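Below you'll find the structure, written out as structure tokens, and then a few comments.
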Amino acid sequence: SVTNIIIDEANRGRGYATKLYKELNKESVKSTGKTLQSIKEDERGVIELSNKGQALWESLVKKGLAIKFGEKRYRFK
């Protein structure tokens, strides 16, 4: 599993994260048969998704690539 992906400020807004997540999703489907999803709840029931991470997933939803299925929970279609 991947815990964090960080794109430096100079390269934000260029579509790199979207391309990266699309490729990660492809690999996830290929290797596990499951689509990529945002972080799951931990053992305490807490979801630690950063504001920037949440904004990325929201952009994937707006582009029609992902769906939101709970509080801070997303997955590719």
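Just so we're clear, the structure is a prediction, and the values are computed from it rather than from any experiment. Note that these values count all heavy atoms, side chains included, but never hydrogens, waters or copies made by symmetry.
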Any residue meeting salt bridge (charged side-chain N to carboxylate O under 4.0 Å, His left out) with [X], in chain and number order, not counting sequence neighbours:
{"X": "Glu43", "answer": "none"}
{"X": "Asp8", "answer": "none"}
{"X": "Lys26", "answer": "Glu23"}

Measuring from atom [atom1] of [X] to atom [atom2] of [Y], what distance do you get when rounded to the nearest 0.5 angstrom?
{"X": "Gln54", "Y": "Ile39", "atom1": "CD", "atom2": "CD1", "answer": "12.0 Å"}
{"X": "Ile7", "Y": "Tyr16", "atom1": "CD1", "atom2": "OH", "answer": "9.0 Å"}
{"X": "Lys72", "Y": "Ser50", "atom1": "NZ", "atom2": "OG", "answer": "8.5 Å"}

*asked:* Same cluster or not: Val61 versus Ile5, using hydrophobic residues (I, L, V, M, F, W, Y) connected whenever any side-chain heavy atoms lie under 4.5 Å apart?
replied: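 Yes, same cluster.
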
*Does Leu20 share a hydrophobic cluster with Val29, counting links as ILVMFWY side-chain heavy atoms below 4.5 Å and allowing steps through other members?*
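Different clusters: Leu20 never reaches Val29 through Ile, Leu, Val, Met, Phe, Trp or Tyr contacts under 4.5 Å.
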
*Heavy-atom donor-acceptor pair, Ser59 side chain to Leu56 backbone, under 3.5 Å*: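 At least one qualifying donor-acceptor pair exists.
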
_Asn25 side-chain N/O to Leu36 backbone N/O, donor-acceptor pair under 3.5 Å_ =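 Answer holds: yes.
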
*Tell me, which pairs form a side chain to side chain donor-acceptor pair (under 3.5 Å) where one or both residues lie in residues 60-70, sequence neighbours left out?*
Thr18-Lys63

*Can you name the residues that form a side-chain hydrogen bond (donor to acceptor under 3.5 Å, both in side chains) with Asn51, not counting sequence neighbours?*
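Residues passing side-chain hydrogen bond (donor to acceptor under 3.5 Å, both in side chains) with Asn51: none at all.
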
*Side-chain touch Lys77/Thr35, heavy atoms, less than 4.5 angstrom*: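 SC-SC contact between Lys77 and Thr35 ruled out.
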
_ring pair (Phe, Tyr, Trp, His ring centres under 6.0 Å) pairs, two or more places apart, involving residues 18-60_ = Tyr21-Trp57, Trp57-Tyr74, Trp57-Phe76

